[in-house]
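Heads up: the structure comes next, in structure tokens.
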Amino acid sequence: MPDRNLPVLLFACEGVDEAAWADALRGAAPDVALRLWPEAGDPLDVTFGVAWNNPPGFWRAFPNLRAIFSLGAGVDGLLADPTLPDVPLVRMVDPSLADGMVEFVVMRALHHHRLMHVYEQQQLTATWRPVRPPLIGRRRVGVMGLGELGGRCARALAGLGFQVRGWSRSPRTLPDVETYHGEAGLAAFAEGCEILVCLLPLTHATQGALNAALFEHLAEGACLIQVGRGAHLVEEDLLAALASGRIAAATLDVFGVEPLPPGHPFWRYPGVRVVPHAAAFTYPETAAGIIAANIRRLLRGEAANDVVDRSAGY
Ligand code: NDP
Ligand code: OXD
């Protein structure tokens, strides 16, 4: 075999443009032999894996793995597999992915700030009623999660002039963002927020974080932009908050069950916008180089960048 002595990278990702990824990875990592699942060859050869949406137990079949690269920023799906090999798990940190998330969150924050959800309802009854939004500097936006994505979004929102708060696990400092952390800081963070953005990773600690108790702290008629993971949201609590008016509108990109079943009430609930987990994408054009650079680090005997802290779950 011509690639006999090269490290082998197995690309095994469901639901992506495999040809584009293959081109990009071959270009970025010419010294690595790329194999595309299901053409894995001898499982003993496989030294690196690129993973997304694999069935539980999948990676256990490759005993010589040295690292697994997640195609996505969120690794909850991979960590849910108790048999995932105990090798460095690298999450996706790519400025292009963050750019996409900033575009999406800013778009929906402006949509809610400028009350487009109100006009969408008015249009259904040919109602002409202008409503003046508050000055942007008085609009309070809260961002849950201040990592690669949440941190970028918080800064972009602050740059537009929103009054931005952020919440993280450990203390963080961001220019023009009022920061809170930990369980102890959650109520103060949420108090009076008019737009709430969820960009948390899904962990044992964050599951169900978007719940009735949190919603009680928001401003009456607040809007939710949920781009974390479906299991962050207690769906019945959102439906109750929408019915009571505590929450006026929600942009939902992620769901407990994906695709969202056709009969789910979110599809038809006034004020709810359903987006099919499309807030931000990983682009092979940029991400392949990031994976390749990390492989080179590992081959030089250095630690990879952006390794998941398995004890924290992200
Ligand atoms: P990071 O790991 O960079 O950041 C995670 C942030 O969440 C950190 O600020 C972290 O705090 C905070 N956090 C974690 N646990 C807690 C907790 N228990 N309480 C409070 N804050 C907590 O992740 P990314 O920004 O790269 O990605 C975030 C998530 O976005 C992904 O895990 C994924 O679920 C989602 N995502 C969604 C996409 C979509 O298209 N909808 C696309 C990509 C990602 P600290 O700073 O202290 O570590
Ligand atoms: C991700 C995602 O985690 O696409 O990157 O949700």
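By convention here, the first residue in the shown sequence is residue 1. Counting starts at 1 for both ligands and their atoms, following the listed order.
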Atom 34 (O) of ligand 1: of Arg91, Arg229, Gln207, the nearest heavy atom sits on Arg229

Part of Leu200 within contact of ligand 1 (heavy atoms, under 4.0 Å): both

Check whether the side chains of Gln121 and Tyr119 place a donor and an acceptor atom closer than 3.5 Å, and report yes or no. no

Could a heavy atom of Met92 be found less than 4.0 Å from some atom of ligand 1? no

Is it true that the side chains of Glu194 and His112 contain a donor and an acceptor less than 3.5 Å apart? no

Taking the side chain as C-beta and beyond, is there a heavy-atom pair between Phe104 and Thr251 under 4.5 Å? yes

Does Gly72 have a non-hydrogen atom less than 4.0 Å from ligand 1? no

Atoms in ligand 1 flagged as close to Leu146, the criterion being non-hydrogen separation under 4.0 Å: 6 (C), 8 (C), 9 (O)

For residues Thr47 and Asn64, is any side-chain donor paired with an opposing acceptor at under 3.5 Å? no

For the residue pair Trp59 and Asp81, confirm or rule out a side-chain donor-acceptor distance under 3.5 Å. no

Distance-only side-chain donor-acceptor flag, His181 / Ser168, under 3.5 Å: no

Name the option, out of Glu258, Arg229, Arg91, Met92, that contains the heavy atom nearest to atom 3 (O) of ligand 2. Arg229

In terms of atom number and element, which parts of ligand 2 are under 4.0 angstrom from non-hydrogen atoms of His277? 2 (C), 4 (O), 6 (O)

Which segment of Thr206 sits under 4.0 Å of ligand 1 when only heavy atoms are counted: side chain

Under 4.0 Å from one or more heavy atoms of Gly74, ligand 1 contributes atoms 31 (C), 32 (O), 33 (C)

Which residue holds the protein heavy atom closest to atom 5 (C) of ligand 1, what is that atom called, and what is the gap in Å? Pro201 CD, 3.6 Å

Using a 4.0 Å cutoff against the non-hydrogen atoms of Gly74, which atoms of ligand 2 qualify? 1 (C), 3 (O)

